[in-house]
Structure formats: C-alpha cells, structure tokens
> 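Quick one: the structure is below, questions incoming.
The figures that follow rest on heavy atoms only: side chains count, while hydrogens, waters and symmetry mates do not. Keep in mind it's a predicted model, so treat the numbers as computed, not measured. Every chain is numbered from 1 and lettered A, B, ... according to where its sequence line falls, protein lines coming before strand lines.
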Protein chains: 2
Amino acid sequence: MSGSGPGDLFLADCPARLAVELIADKWTVVVLAGLSKGPVRHGELIELIGGISRKMLTQTLRRLEAHGLIRRHAYAEVPPRVEYELTALGATLIEPIHMLAEWARANGDAVLDALDTDPEPVAHND
Amino acid sequence: MSGSGPGDLFLADCPARLAVELIADKWTVVVLAGLSKGPVRHGELIELIGGISRKMLTQTLRRLEAHGLIRRHAYAEVPPRVEYELTALGATLIEPIHMLAEWARANGDAVLDALDTDPEPVAHND
DNA sequence: CAGGCTAGGTTTCCGATAGGAACCAGCAGG
DNA sequence: CCTGCTGGTTCCTATCGGAAACCTAGCCTG
C-alpha cells in the first residue's frame, strides 16, 4: 500500500493529493453520499443534508462538477428543476465514501466519548 | 447502505457527522496515512508530507489526539523527541483511509483531466 | 393586471478559520 | 558566548463559512 511511489499523496503537487483535497472537505463527503442513490434535486439535497446552506451546497456541487465527479441537468421548466447525478468517475468514489460513512456511524460516539475522556488524566505537578 | 437510519450522517448533530467532519479535512487524511505505518516523529511527518507547515501539522495532530485517534509520546530527551502513533480507534480508520488514498492514486489524473475537459463545450454567445 | 408562489442561484456582510513566517525554550557542541 | 537541533506557539492577514436578502422567470390567484 502507501508505498513511496511517484503517485503518492505525500507529494504536494501530485494528482493524488489534489484528489484527496477535493473530497477531504466538510461537505463533499456528505453530498456525495447523498448522490449515491441516484439523481437528486438541489432542493432534495437541502432537505436531506442537515445544516448545509444553499450557498455551500451549490459551491460544493460546482466543484464536484468541475472535477468530473458529478453531472448537472438543468431542465428548462418552470419552476426550474435541476438534478445532479454521479458520473462514472464519481461512482467509483462511492465505495470509499461508504466505508468512511460506515466507519463514522460505527465509531461516531467513540470519538465523541474520547473528547470527554481525553482531558488529561492528571497533571499532579509539584 | 446509507439507509436513513437514526445514526445517519445526514443529521447535522449526529455523532457520525462529527466523525466525518473530523476526518474530512485537508490534512487529516494525509496525516493519518502517514501514521499508518507505525509511530512517527513530528519532524518525520514534516519531511514526509509535502506542503504542510509545522503549525497545521501540530494543529491536526492535536485534534486527532483530542478525538482519541492518535496518541502522543513526548520523550524528555534533548533535543526533544515526540512521537505520534495511532490508537486502537485510530487504527480502525486506516482501512477507509487507505481506500481513499488508493482511489486518489488511481483517479488523480482523471480528476485533473476533467478540470481541463470541463470548460464548457461552447459558449458561442452573441 | 398586480402580487405572490416556486426553485435554483447569487450577493452581501461579518465572524471564524487557515496558513505562513517569525519567534521561543532548552541544552549540547565548538 | 553563539549557533544549532527539535517541537511548538504567536502574530497577522487572506480566505472561507454561513445566515439572510435579493434575483430570475413563469404560473396561479385574486
């Protein structure tokens, strides 16, 4: 695995690093998870993802679109309808995303618990 | 998979969401990948991870420590030596991290390429 | 016909954060 | 005494994040 090959994510200007920075973003993971079930509308994502603002959703979707992970379909209807769906490239990312999501679901409260337990055991000092 | 269960990451105040936001960070993924091989020193991480600054490294490590993913060993030697290693909880995260890293390595230039291809086919304008 | 509705998006404003450069501590060696 | 090594922190600024208001455009309602 993470052999120090030339395509390694430890190099600052490597495509792998770019890819990591693309998805290692507060909203990206959640948005991709939301899209993993098929085409979803902007409004549906807003409803689905608690705490996201329209601005951040649009921004995240635009970035994913620019990087070829999702595709945008704007129907010239009224009221306007816009659907987003994963591209083939984006679909390959769903597996890792789901692993991450399942880890988060499984260990979420272990992490939360650590935040409580951590406060240093004792600094009995002098 | 991502069933709309109660522990789902789509809820804003869910532990799962907290966990996702913990690791969905620019440096966290790379740092954890760097620690996946065993205990590593602060300085080694600086050398290993291209583009990271001391400040961001320390900050990232502190956060991971506070959330129970890594442990910090400060040896009272001179010059000071500090090693970081994964906790048991942190070790469970390595698998998803590696999947992400391998995806990044495999698809890094596809993403990079999409950035080039994307520029809209034509805006023939007026 | 005027006003309001819907749905997606953009703009504005402001507080929070990221990030680099510079500085600090403590001791060994020349 | 001055320099260097190692880990960490402080200062300062550019950028980001988020709430809310505004915009477009067509339809429906009164």
> Does A:Glu44, at its CD atom, have more than 12 non-hydrogen atoms belonging to other residues, nucleotides or ligands within less than 6.0 Å?
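For A:Glu44, atom CD is crowded (more than 12 foreign heavy atoms under 6.0 Å).
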> In whole Å, what is the span from the CD1 atom of B:Ile52 to the C1' atom of C:dA21?
16 Å
> Provide, to the nearest angstrom, the distance between the CZ atom belonging to B:Arg41 and the P atom belonging to D:dC5.
13 Å
> Think B:Arg62 has a side-chain N or O under 4.0 angstrom from the OP1 or OP2 of D:dT9?
yes
> Side chain of B:His42 only, heavy atoms from C-beta on: which candidate in C:dT12, D:dT6, D:dG7 is closest?
D:dG7
> When hydrophobic residues are tied together by side-chain contacts of less than 4.5 Å, even through go-betweens, does A:Ile46 share a cluster with A:Leu35?
yes
> Search all heavy atoms of B:Val31 against all heavy atoms of B:Leu64 and return the closest pair with its distance.
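That would be CG1-CD1, 4.1 Å.
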> For A:Glu77 and D:dA25, give me the distance from atom CD to atom C1', rounded to whole Å.
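These atoms are roughly 13 Å apart.
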> For B:Met56 and D:dG8, give me the distance from atom CE to atom P, rounded to whole Å.
14 Å
> From CD of A:Glu83 over to P of C:dG8, roughly how many Å is that when rounded to an integer?
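Distance, rounded to whole Å: 9 Å.
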> Examine the base of D:dG8 for any acceptor or donor lying under 3.5 Å from a partner atom in the side chain of B:Arg54, and report the outcome as yes or no.
yes
> If I take atom CG in residue A:Leu57 and atom P in nucleotide D:dA19, what distance separates them, rounded to the nearest angstrom?
13 Å
> Should A:Lys26 be listed as having a side-chain N or O under 4.0 Å from OP1 or OP2 of D:dG18?
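For D:dG18, OP1 or OP2 has a side-chain N or O of A:Lys26 closer than 4.0 Å.
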> By nearest atom, which of the nucleotides C:dA7, D:dG17, C:dG9 is closest to the A:Pro79 side chain?
C:dA7
> Return no unless some side-chain N or O of A:Trp27 is found under 4.0 Å from OP1 or OP2 of D:dG18.
yes
> What is the distance, rounded to the nearest whole Å, between atom CD of A:Glu65 and atom C1' of C:dG9?
13 Å
> Quick one: on DNA chain C, does B:Ser53 or A:Glu44 contact a more 5' nucleotide (nearest heavy atom)?
A:Glu44
> Answer with base, sugar-phosphate or nothing: what part of the nucleic acid does B:Gln59 contact at a heavy-atom distance below 4.0 Å?
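Touches sugar-phosphate only.
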> Consider the side chain of B:Val78, meaning its heavy atoms from C-beta on, and name the nucleotide among C:dG8, C:dG19, C:dC27 that approaches it most closely.
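So the side chain of B:Val78 is nearest to C:dC27.
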> From A:Ile70 CD1 over to A:Glu83 CD, what is the distance, rounded to the nearest 0.5 angstrom?
12.0 Å
> Taking the side chain of A:Pro80 as heavy atoms from C-beta outward, which of C:dG8, C:dG19, D:dG7 is closest to it?
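Selected nucleotide: C:dG8.
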> Keeping B:Arg63 on the side-chain end and B:Thr28 on the backbone end, is there a donor-acceptor pair under 3.5 Å?
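Such a contact is absent between B:Arg63 side chain and B:Thr28 backbone.
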> Quick one: is B:Arg72 getting a side-chain N or O under 4.0 Å of the D:dG8 phosphate, OP1 or OP2?
yes
> Among the candidates D:dG8, C:dG19, D:dG18, find the nucleotide nearest to the side-chain atoms of A:Lys55.
D:dG18
> C:dA28 P sits how many Å from B:Arg81 CZ, rounded?
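For the pair B:Arg81 CZ and C:dA28 P, the rounded distance is 16 Å.
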> Can a side chain N or O of B:Tyr84 be found less than 4.0 Å away from OP1 or OP2 on D:dG8?
yes
